[in-house]
2 protein chains.
Amino acid sequence: MNVMPDSDSKETSATHGAYLKLRELILTGELPPGDKLKIEQLRKLLDTGASPVREALSLLTSDMLVERIDQRGFRAAPVGKANFEEILMLRCTLEETALRASIRNADAAWEDRVVLRHHHMNRAGLRKAPDFEDAHKAFHMALLDNAHLPMLERYCSQLYDLNIRYRYLAAGGPSYKKRDIAAEHQNILDAALNRDADAATAHLIDHYRSTGEYLSSQMDG
Amino acid sequence: MNVMPDSDSKETSATHGAYLKLRELILTGELPPGDKLKIEQLRKLLDTGASPVREALSLLTSDMLVERIDQRGFRAAPVGKANFEEILMLRCTLEETALRASIRNADAAWEDRVVLRHHHMNRAGLRKAPDFEDAHKAFHMALLDNAHLPMLERYCSQLYDLNIRYRYLAAGGPSYKKRDIAAEHQNILDAALNRDADAATAHLIDHYRSTGEYLSSQMDG
DNA sequence: TTCTCCAAAAATATCGATATTATTTGACTT
DNA sequence: AAGTCAAATAATATCGATATTTTTGGAGAA
């Protein structure tokens, strides 16, 4: 007999809800890197039982956002320059592979998908919508999803999230204003639509490297 | 008040124990691909509570050995030709990256490590020891571990396990006898010790492709 | 027969309580 | 004053029971 107090329209399991919220808290840095994640504390914060919290944390382990130390609980994954650079390197390698495969399979439906995502991203960017991050990710993932390689896409998605975590941590650096992000995206899109895999991957990797180098220069140790 | 009945010398959490056993059962095919993994059934099989089972299954999700369908339980990850070929492709890409980085950092300690692993693997192979699989994996991982790229190593380790799962499923095919595995390993080792990254990666990828093509030819759908 | 719908059964997800293990605190020794 | 050990505290891991949801099985209608 659940009262279901009008709002809270979400229909989902407690575990999944906890997973989404914890993920958000870690990505945005509200739960800082290295922090001990105490069950009781999170249980109260998310207003749920210990089991869903525990299971959500176990799931976040797969995303490398949480570390599990047997018998000693969970902690938010630590960060560091070496880790950041490994993420950057892996993204370049894996996204190049995925993008080339995607272009190899190029068809009209995929072109439509990518063009739409690009448009939505620009729209969100212009009005500085809070969901620009989501639209940005959706565009990048759309570029890759025609590879039909689910594991590779999962890796890329994971690495994307790990990367934006660093962006949140270095919050609001000027790097975004200086560069012309829109032009970079346009270059990638155009090359992809031309089915020019070499140009597309070159632009994509440049895009990552130039944001990467800035963030990397901000970090020590 | 735990009786601790003399044997069972393992000192570990129930969750971790369940994780290891379930992993083994899935890798060897005793829990076949696509099978529904019922909590109660596993609880009895592993002689533990529902919470450790549940948590172990959540952890196995990260290894892509278990799929979680919200509100509908867990199942052993399905298999298929496309999945196998994706694993093979990713291994070639990622292990090449890791091996090149490893060789770039080559030093005497690493050489020692690799030579030893190679020796142990051959020893285990000669007397057909049941732990040949472990030694084989240890050799391959030792080749990569000088890259000092923990995420990349984790991916490679994951993919290695996913691959041997297919070997178990195609159990005892003649492919192993036909080819001279030992020579292939020797070639990889020699090239690595010579710090010849091009040759080492070429041998490594050949090694994977030739076992891969055999297994792939065995599968349909 | 085939379809729909509802009750029964089974399985999952979640809770609350307890046992187990790690960490801290502080008295006591050197 | 510094170190050590044991009790007290806190946190994790686990269990058993319950609530929720999905699946099954079959009765009745088209």
Side-chain angles (χ1 to χ4, degrees), chain A residues 1-23 25-26 31-32 34-62 65-78, chain B residues 1-23 25-26 31-32 34-62 65-78:
Chain A
M1 225 166 288
N2 194 334
V3 185
M4 178 62 86
D6 64 87
S7 70
D8 191 63
S9 48
K10 286 234 196 77
E11 221 24 272
T12 180
S13 71
T15 295
H16 191 238
Y19 170 80
L20 291 177
K21 278 180 207 149
L22 286 173
R23 175 195 177 75
L25 290 173
I26 294 172
L31 288 175
D35 249 36
K36 187 132 213 326
L37 302 175
K38 297 183 200 171
I39 306 292
E40 186 63 11
Q41 158 197 315
L42 298 177
R43 200 196 61 65
K44 275 184 275 190
L45 180 66
L46 304 177
D47 190 41
T48 184
S51 313
V53 169
R54 198 150 238 293
E55 219 162 299
L57 289 172
S58 293
L59 290 171
L60 284 165
T61 286
S62 41
L65 289 170
V66 165
E67 272 186 5
R68 181 202 176 82
I69 307 121
D70 205 75
Q71 224 85 15
R72 206 159 305 182
F74 301 85
R75 59 180 53 241
Chain B
M1 228 167 286
N2 195 335
V3 186
M4 178 62 85
D6 63 86
S7 71
D8 191 62
S9 49
K10 286 235 197 76
E11 224 19 275
T12 179
S13 69
T15 295
H16 191 239
Y19 170 80
L20 292 177
K21 278 179 207 148
L22 285 173
R23 175 195 177 77
L25 290 172
I26 294 172
L31 287 175
D35 249 36
K36 188 134 214 323
L37 302 175
K38 296 182 200 171
I39 305 293
E40 185 64 11
Q41 158 197 316
L42 298 177
R43 199 198 62 65
K44 274 184 274 189
L45 180 66
L46 304 176
D47 191 40
T48 183
S51 314
V53 169
R54 198 149 239 292
E55 218 161 298
L57 289 172
S58 292
L59 291 171
L60 284 165
T61 286
S62 42
L65 289 170
V66 165
E67 272 185 4
R68 180 202 177 82
I69 308 121
D70 204 76
Q71 223 85 16
R72 206 158 304 183
F74 301 86
R75 58 182 52 240

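For the numbers below, each heavy atom of this structure counts, side chains included, while hydrogens, waters and symmetry mates do not. So that the names make sense, note that chain A is the first sequence line, chain B the second, and so on, each numbered from 1. Since we're looking at a predicted model, the values are computed, not measured.
Near-neighbour residues of DNA chain D inside residues 35-51 of chain A, defined by a heavy atom below 4.0 Å, number-ordered: A:Lys36, A:Leu37, A:Lys38, A:Ile39.
Side-chain atoms of B:Thr61 come within 3.5 Å of backbone atoms of B:Leu57 as a donor-acceptor pair (strictly under, hydrogens ignored).
Residue B:Ser13 has no polar side-chain atom (N or O) positioned under 4.0 Å from OP1 or OP2 of D:dT12. Contact check, B:Arg68 against C:dT12: no side-chain N or O comes under 4.0 Å of OP1 or OP2.
A:Thr48 meets the side-chain contact (heavy atoms from CB on, under 4.5 Å) test with A:Ala14, A:Leu46, A:Pro52, A:Val53; sequence neighbours excluded. Shown here are the side-chain hydrogen bond (donor to acceptor under 3.5 Å, both in side chains) partners of A:Arg75, two or more places apart in sequence or in another chain: there are none. Listed by chain and residue number, A:Arg43, A:Lys44 satisfy the side-chain contact (heavy atoms from CB on, under 4.5 Å) test with A:Glu40 (two or more places apart in sequence, or in another chain). Scanning for side-chain contact (heavy atoms from CB on, under 4.5 Å) contacts around A:Asp47 gives an empty result, with sequence neighbours left out.
Rounded to a whole Å, the CD atom of B:Gln71 is 14 Å from the C1' atom of D:dT23. Protein atom CZ of B:Arg72 is 14 Å distant from nucleotide atom C1' of D:dT24, rounded to whole Å. The separation between B:Asp70 atom CG and D:dT22 atom P is 9 Å, rounded to whole Å. We find that CZ of B:Arg75 is positioned 14 Å from P of C:dA11, with the value rounded to whole Å. Rounded to whole Å, atom P of C:dT12 lies 9 Å from atom CZ of B:Phe74.
A salt bridge links A:Glu55 with B:Arg68; the closest basic N to acidic carboxylate O contact falls under 4.0 Å.
The side chain of A:Pro52 sits closest to C:dC15 out of C:dC15, D:dC15, D:dT22.
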